[in-house]
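Everything on this sheet refers to the single structure shown next.
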Amino acid sequence: MEVLVAGKNKKEQHDAQAGLGLNPAYVGAYGAAPPLSQIPYPGGVKSLVPEAPAPPNNILFMQNLPHETTPLMLQMLFHQYHVFKEVRMVETKPGIAFVEYTDEMQSTAAMQALQGFKITQQNPMLITYAKN
DNA sequence: AGCACA
């Protein structure tokens with residue numbers, strides 16, 4: 001019985017070492033092994049694209065606004081690029097607001113036009129698509 | 001950082 005158990009354990013240990021043994025290719029190439037967390041595992045089965053925080057939408061979500069920003073200011077700002085349907089501010093969370101356009105083509109154009117616009121020197125506004 | 005209206 002001891003023999004069988006010992007043999008099995010030994011086999012598993014050997015397999016584990018063989019798996020780690022694939023990495024020395026990195027060591028040879030870079031001179032140091034990168035953390036395992038940074039190595040994309042072979043196959044790359046996960047198809048997650050990091051560049052796509054929110055799906056394109058006709059509604060824009062803006063943050064990093066100065067707390068003194070009024071809907072009228074946003075209205076005038078965005079109106080010069082496209083006619084929008086509505087602007088809404090979130091009072092419970094100061095510094096964020098929504099601007100709703102008629103379609104996502106216009107919202108995209110306005111977003112890029114006003115991306116990083118400084119309402120004040122300290123507050124370049126950050127615009128993304130709204131979640132919903 | 002934080003996502004509200006209808």
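To find a chain, count down the sequence lines: A is the first, B the second, and so on, and within it residues start at 1.
- The stretch residues 119-126 of chain A does not touch DNA chain B, since none of its heavy atoms comes less than 4.0 Å from the strand.
- Straight-line distance from the CG atom of A/N58 to the C1' atom of B/dA4: 14 Å, rounded to whole Å.
- Looking only at side-chain heavy atoms (C-beta outward), A/M62 and A/L126 stay at 4.5 Å or farther from each other.
- Atoms CZ (A/F98) and P (B/dA6) sit 13 Å apart, rounded to a whole Å.
- Ring pair A/F61/A/F98 is tilted by interplanar angle, where 30° to 60° counts as tilted.
- The CD1-C1' distance, from A/I96 to B/dA1, rounds to 9 Å in whole Å.
- Rounded to an integer number of Å, the gap from CG of A/L65 to P of B/dC3 is 14 Å.
- Between the P atom of B/dG2 and the CE atom of A/M89 lies a distance of 17 Å, rounded to the nearest Å.
- Of the inter-residue distances, the one linking A/M111 atom CE with A/E104 atom CD reads 10.0 Å to the nearest 0.5 angstrom.
- A/T108 and A/Y129 share a donor-acceptor pair across their side chains, judged by distance under 3.5 Å alone.
- Side-chain N/O atoms of A/K131 include one lying less than 4.0 angstrom from OP1 or OP2 on B/dC3.
- Here the P atom of nucleotide B/dA1 and the NE2 atom of A/H67 are 12 Å apart, to the nearest Å.
- Counting non-hydrogen atoms under 4.0 angstrom, A/T128 reaches a base of the nucleic acid.
- Atoms CD (A/E100) and P (B/dC3) sit 18 Å apart, rounded to a whole Å.
- Nearest approach of A/L77 to A/L114, heavy atoms of both residues: O-CD1, 3.8 Å.
- At whole-Å resolution of the value, CD1 in A/I59 and P in B/dA4 are 12 Å apart.
- Counting heavy-atom neighbours within 6.0 Å of A/Q121 CD, excluding the residue itself, gives a total of 12 or less.
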